[in-house]
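See below for the structure under consideration.
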Amino acid sequence: MKAPFGRDLTTGSIPRHLVAFSIPMLMGSFLQTAYSFINAIWVGRFLGTEALAVVTVSFPVVFVLFSIGMGLTMATSILVSQNYGARRMDELRKVVDSSTVLIYSLGVVLTLLGEWLAPSILTLMDTPPEIHAESVSYLRIFLLSMPLGFGLFLTRSLLQGVGDSKTPLYFQAGSVLLTTVLDPVLMFGWLGLPKLGLNGTAWATVVSQLLALVTLLVYLRMKDVPVAPRRPRLAHLGPVTLKTLRIGVPAAVQQSLVSIGMVFVTGLVNGFGEVATAAFGAASRIDQIAFMPAMTFGMAISTLAGQNLGAGRDDRVQEIFKWGCLLSGGVTLVISAVAVTFPEALLRIFVTDPAVIGPGVTYLHIVGGTYVLFALIFVSNGIINGAGRTLMTTAFSLLSLWVVRVPVAYWLSRRMGSVTGVWIAMALSFGVSLVVSMAYYFSGRWRRPLLKKPPEGPTTPNPGEVFGHETGEA
């Protein structure tokens, strides 16, 4: 019997599915965040505030470009989960083929554009002159990992769409551990290697992601997993690619809007000097932990909703929403309480400069108190995305970021003469996003089915048979 590569989420306990499916993804996010923390400690404590500011300035640019790939692979996961729930295995294979061509091609194109435009983008972000050249160098190296990252996003989305969240975890863990080891080796020139400084962390990411992607693809092909990317059948790429783009482009725009909003907000913060930028970077590390459960549960909710809607089990969606609010909101509420109560202790993990810690504490007092709103947004958005209504969640992001966060951050920070105005605008945008997302969810307009009902009778095999195992535990 082949190793299990899927989970039928259309039957059984919903809270059990949510927890069992989310735990591997949460562990993967924790590993990635742990690496991010270790990297920040190496950079902040051993390379200084200037190096930490370089990473902070570069990150939004990287996130904008990577978010396009994440958005399109969200469409892949939605279509895979819906087809898997509807028992349309041939359609599922078409999704794999079209997504493989689309995602890898896009990764290469965006990498070339990023390499070319990096200096101009950083200039437009009002990057401090003293770190501009170093930021360009760091960013250009890091962007070499983009096609590899896109490949990992795609493979993870394919597997998660059929309910397998464990396999991506194993390879992600290997990649994170390798990067953690390579970071100081390349930064400080250990083992006879050249001393690359901050750029060593970027090269460590490129090397580890290359090895992770190659070994993951080889493993999936050896196991003969049906959703493993392989040479695509070109005849059906057009129609399925259009369907992928119809869902994926709004999702990519949504992710990009969030990322571009970060670029603008970081630009506003940069205008208050290097200390404000470093404080924003340190406090953002705490955000990563707070947002991690919400984003993980959001992905799990989207997959559960997709499979159940594809199978015509609309009756289970309300329970998915209820348990999503309880689990995601409850966990995030605890994290929020810790961030608001012990902000200085958390920030001192990354920085020791009292001048940097001051504005960082203010950030966590204001933004940290709204983390739970972010968690609830991902519950309702997860169900809406699972139904294929990515255009609506994109509209919510547009309203939250470009009508509230960016304009209010600009106006309020100028009026107050302080970066605190940016922190207040960020908290306010979470509240607005929650209101519009919940209003649309409770309106029920997202229920119009994306896929036609599967034909009556056993026209296609059970996914458990196709995947070489009985459906159940992943």
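In this text the structure is predicted, and so the values were computed from the model without any measurement. Starting from 1, each residue takes its place in the sequence as its number.
Between the side chain of Thr179 and the main chain of Ser175, a donor-acceptor pair closer than 3.5 Å is present. At distances below 3.5 Å, at least one donor-acceptor pair connects side-chain atoms of Ser208 with backbone N or O atoms of Thr205. Remark: the backbone N or O of Ser99 is not paired with any side-chain donor or acceptor of Thr76 at under 3.5 angstrom. Remark: the backbone N or O of Phe430 is not paired with any side-chain donor or acceptor of Ser433 at under 3.5 angstrom. At least one donor-acceptor pair closer than 3.5 Å links the side chain of Ser81 to the backbone N or O of Ile78. Using modelled atom types, no side-chain atom of Thr155 and backbone atom of Leu152 make a donor-acceptor pair closer than 3.5 Å. Checked by atom type and distance alone, the side chain of Thr266 never pairs as donor or acceptor with a backbone atom of Val57 at under 3.5 Å. In this structure a side-chain-to-backbone donor-acceptor pair under 3.5 Å is missing from Ser137 to Glu134. Remark: the backbone N or O of Leu122 is paired with a side-chain donor or acceptor of Thr127 at under 3.5 angstrom. With hydrogens and angles ignored, the 3.5 Å screen pairs a side-chain donor or acceptor of Thr215 with a backbone N or O of Ala212.
Between Phe291 and Tyr371, the ring centre distance stays below 6.0 Å. Here the two rings, on Phe171 and Tyr219, have centers that are under 6.0 Å apart.
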key: Stepwise side-chain contact (heavy atoms from CB on, under 4.5 Å) check, Val218 with Arg221   = CA-CA 5 Å; Val218 169; Arg221 291 299 300 274; 5.9 Å; no
task = Evaluate the criterion side-chain contact (heavy atoms from CB on, under 4.5 Å) for residue pair Phe153 and Ile103; output intermediate values, then yes/no.
result = CA-CA 9 Å; Phe153 293 155; Ile103 298 302; 5.9 Å; no
task = Go through the steps to decide whether Gln160 and Val80 satisfy the test side-chain contact (heavy atoms from CB on, under 4.5 Å), and finish with yes or no.
result = CA-CA 9 Å; Gln160 288 177 355; Val80 167; over 6 Å; no
ask   = Passes side-chain contact (heavy atoms from CB on, under 4.5 Å), Leu245 versus Leu102? Steps please.
value = CA-CA 9 Å; Leu245 289 172; Leu102 181 64; 3.8 Å; yes
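A distance of 7.5 Å separates CG of Leu196 from CD1 of Ile141, quoted to the nearest 0.5 Å. Atom CG in Leu72 sits 10.0 Å away from atom OG1 in Thr390 (nearest 0.5 Å). With values rounded to the nearest 0.5 angstrom, Thr167 atom OG1 is found 8.0 Å from Leu216 atom CG. Annotation: the span from Leu154 atom CG to Leu159 atom CG amounts to 9.5 Å, rounded to 0.5 Å. Leu169 contributes atom CG, which lies 11.0 Å from atom CZ of Arg156 (distance to the nearest 0.5 angstrom).
Across Val101, Val108, Thr100, Leu106, a single residue satisfies side-chain contact (heavy atoms from CB on, under 4.5 Å) together with Tyr104, and that is Thr100. Of the options Leu210, Val207, Thr111, a side-chain contact (heavy atoms from CB on, under 4.5 Å) to Leu148 is made by Leu210 and by none of the others.
More than 12 heavy atoms of other shown residues, nucleotides or ligands fall within 6.0 angstrom of atom CH2 in Trp190. The local environment of CZ in Phe188 is crowded, with over 12 non-hydrogen atoms from other residues, nucleotides or ligands closer than 6.0 Å.
At a cut-off of 3.5 Å, with distance as the only test, a side-chain donor of Asn381 or Ser437 sits close to an acceptor on the other residue.
Closest non-hydrogen pair, Gly149 versus Phe66, comes out as CA-CE2, 4.1 Å.
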